[in-house]
Amino acid sequence: MSLSLRLSSSFLPPIPIPPSLSPSPSFLCFLPPKFRNAHFLICRYRRRQTSSSRLRCFSNFNGSEDQFEEDGDKQVKGPQMDDEEEEEDKTIGSLVLPERWDVLGLGQAMVDFSGIVDDEFLKKLGLEKGTRKVVNHEERGRVLQAMDGCTYKAAAGGSLSNSLVALARLGSRSAADPAINVAMAGSVGSDVLGGFYREKLRRANVQFLSEPIKDGTTGTVIVLTTPDAQRTMLAYQGTSSTVNYDTILANAVTKTNVLVVEGYLFELPDTIRAITKACEKARSSGALVAVTASDVSCIERHYDDFWEIIGNHADLIFANSDEARALCNFDTRESSASVTRYLSHFVPLVSVTDGHRGSYIGLKGEAVYIPPSPCVPVDTCGAGDAYACGILYGVLRGISDLKSIGTIAAKVAATVVGQQGTRLRVSDAVKLAESFTFQTSTIRSDIGTDHISSL
């Protein structure tokens, strides 16, 4: 029998929560010593067991042996490095894998094709602006064929990898703080795009740990951005949603400080079982577990599975306002602040973004408002991913002031929104890391009132 809880709002619908997930007294859990200062703790609510080159795509692209042409010059199997990739490559030539990862992401490994189109282009293809649609092999080829002659970018994408690349770039640009070691596990095929994906992440200081699946097809996302900064996304899953709990993943989750699980992975039952095993192992090894909500329709299709993971394992959840409402079974009349407060009764730390209106961070039934960082929007694709990066960066740097963590996240998001593409550029990461170094040193010496927990 489930327990239905309500907020005081008269029109608020109940959310069915299994009795085992209902709130209980809080317990304290420490981050690993590397990132912990005297003030920093994270509250738990239950005791638990211990880059991109400009590309043209040929009109005969069919998704099997993917062919690229760089700036219309010559046919190549993969894009050449741009200046920023070359800069990053110099920093990883003598890279030795760390004994422990600071962050391990478990997510969809997708190659992103992103470009600017007009409303007429979407209308001709029968696409609804601002939506995300799963397409098959033939539909993907049809859209890319329609884009023949358009210049656009290709990148090792996927929502979670956007966050991980941004975190790795920020985390390696500060002279005052230790580098943040970032890795990812997921599924890519043994095709050309799979090799492209792994190499792109490597150049961005994110180590892709999983072996490619023999004869598998790497997933892709086509991101079509209109001049009003709205994005329409077409996802071809390939093998990207199939993640097995193999020896590599089992070993990696025991050697990470934070495990981040991408919500898009909830599409397949076998993958959900792998997620559960990974979360259980990570928690028993002392790691924090974060979950990205990812998509409203995905939440609606796999509502019980989301709550099984969130309620039993999550310390931190990332969602936008619509995703948060879907998780709470609330309608659109409920405010972002209310859903943030509500979720924070079940998850120790909650991050809810609300577009140009700002964002909220929830803790123990309270919601701290974070105003948006000023920017001129160019492409909103990747804004939430960048925001999540900022939250993780603040947590790993030992900041306990929620307002300051949120401000960092808002600045990272605004930087990405103000450019074309989903990735935080190296040059921007350098500037942000320098400003954050000064900010974090000030915060650590003067902890504010909106803090996670303090001794």
For the residue pair [Y] / [X], report whether a side-chain donor-acceptor contact shorter than 3.5 Å exists.
{"X": "E334", "Y": "S338", "result": "yes"}
{"X": "S359", "Y": "Y387", "result": "yes"}
{"X": "R100", "Y": "N181", "result": "no"}
{"X": "D354", "Y": "S321", "result": "yes"}
{"X": "T332", "Y": "R325", "result": "no"}
{"X": "R231", "Y": "T380", "result": "yes"}

How about [X] and [Y]: do any of their side-chain heavy atoms sit closer than 4.5 Å?
{"X": "S161", "Y": "M184", "value": "yes"}
{"X": "S163", "Y": "F318", "value": "no"}
{"X": "D102", "Y": "T256", "value": "no"}
{"X": "D177", "Y": "F436", "value": "no"}
{"X": "E262", "Y": "L106", "value": "no"}
{"X": "Q207", "Y": "L97", "value": "yes"}
{"X": "D304", "Y": "E308", "value": "no"}
{"X": "V188", "Y": "V111", "value": "no"}

Checklist line | Single hit among V260, V261, L209, V258 for side-chain contact (heavy atoms from CB on, under 4.5 Å) with L104 | finding: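 Exactly one option meets the side-chain contact (heavy atoms from CB on, under 4.5 Å) with L104, and it is L209.
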Next item on the list: Please step through salt bridge (charged side-chain N to carboxylate O under 4.0 Å, His left out) for the pair D228 and K129, ending with a clear verdict.
Entry: CA-CA 11 Å; D228 59 359; K129 184 166 69 172; 2.8 Å; yes
For a quick test of reading the model, state the closest non-hydrogen atom pair linking [X] to [Y] and the distance between them.
{"X": "N251", "Y": "T254", "value": "O-OG1, 2.6 Å"}
{"X": "V417", "Y": "C375", "value": "CG1-SG, 3.9 Å"}
{"X": "S159", "Y": "D385", "value": "OG-OD1, 2.6 Å"}
{"X": "T407", "Y": "I370", "value": "N-CG2, 3.8 Å"}
{"X": "V339", "Y": "A324", "value": "CG2-CB, 3.8 Å"}
{"X": "A185", "Y": "L249", "value": "CB-CD1, 4.0 Å"}

Hey, does the side chain of [X] reach the backbone of [Y] with a donor-acceptor pair shorter than 3.5 angstrom?
{"X": "T239", "Y": "T217", "result": "yes"}
{"X": "D112", "Y": "S114", "result": "no"}
{"X": "Y245", "Y": "A278", "result": "no"}
{"X": "W307", "Y": "L327", "result": "yes"}
{"X": "T271", "Y": "V243", "result": "yes"}
{"X": "R169", "Y": "L424", "result": "yes"}
{"X": "S240", "Y": "G219", "result": "no"}
{"X": "R198", "Y": "S210", "result": "yes"}
{"X": "E323", "Y": "V296", "result": "no"}
{"X": "N244", "Y": "D246", "result": "no"}

Note to self: Checking V291 against L316 for the side chain to side chain contact (heavy atoms under 4.5 Å, CB included) test, could you report, in this order, the C-alpha distance in whole Å, the side-chain angles of both residues, the deciding distance, and whether it holds?
What the structure shows: CA-CA 6 Å; V291 177; L316 169 60; over 6 Å; no
Next item on the list: Starting from the C-alpha separation in whole Å, work towards a yes-or-no answer on side chain to side chain contact (heavy atoms under 4.5 Å, CB included) for I309 and F266.
Entry: CA-CA 10 Å; I309 297 297; F266 284 75; 3.7 Å; yes
From [X] [atom1] over to [Y] [atom2], what is the distance, rounded to the nearest 0.5 angstrom?
{"X": "F346", "Y": "C328", "atom1": "CZ", "atom2": "SG", "value": "8.0 Å"}
{"X": "T232", "Y": "I222", "atom1": "OG1", "atom2": "CD1", "value": "11.5 Å"}
{"X": "T353", "Y": "N320", "atom1": "OG1", "atom2": "CG", "value": "5.0 Å"}
{"X": "I299", "Y": "D305", "atom1": "CD1", "atom2": "CG", "value": "12.0 Å"}
{"X": "D322", "Y": "D295", "atom1": "CG", "atom2": "CG", "value": "10.0 Å"}
{"X": "L259", "Y": "W101", "atom1": "CG", "atom2": "CH2", "value": "14.0 Å"}

Notebook entry, point to check: Given the rule in the salt bridge (charged side-chain N to carboxylate O under 4.0 Å, His left out) test, do K133 and E128 qualify, once you have shown the distances and angles that lead to the verdict?
Noted result: CA-CA 9 Å; K133 178 184 178 183; E128 183 181 351; over 6 Å; no
Item checked: Evaluation steps, side chain to side chain contact (heavy atoms under 4.5 Å, CB included), between V206 and R202 -> CA-CA 5 Å; V206 177; R202 186 189 71 84; over 6 Å; no
Notebook entry, point to check: Would R301 count as a cation-pi partner of F306, with NZ or CZ less than 6.0 Å from the six-membered ring centre and within 45° of the ring normal?
Noted result: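 Negative - R301 is either too far from the ring of F306 or too far off its axis.
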Checklist line | Verdict with reasoning, K403 to D401, per salt bridge (charged side-chain N to carboxylate O under 4.0 Å, His left out) | finding: CA-CA 6 Å; K403 196 85 171 182; D401 178 61; over 6 Å; no
Next item on the list: Take L265 and I275 through the test side chain to side chain contact (heavy atoms under 4.5 Å, CB included) and record every step on the way to the result.
Entry: CA-CA 8 Å; L265 288 179; I275 291 171; 3.8 Å; yes
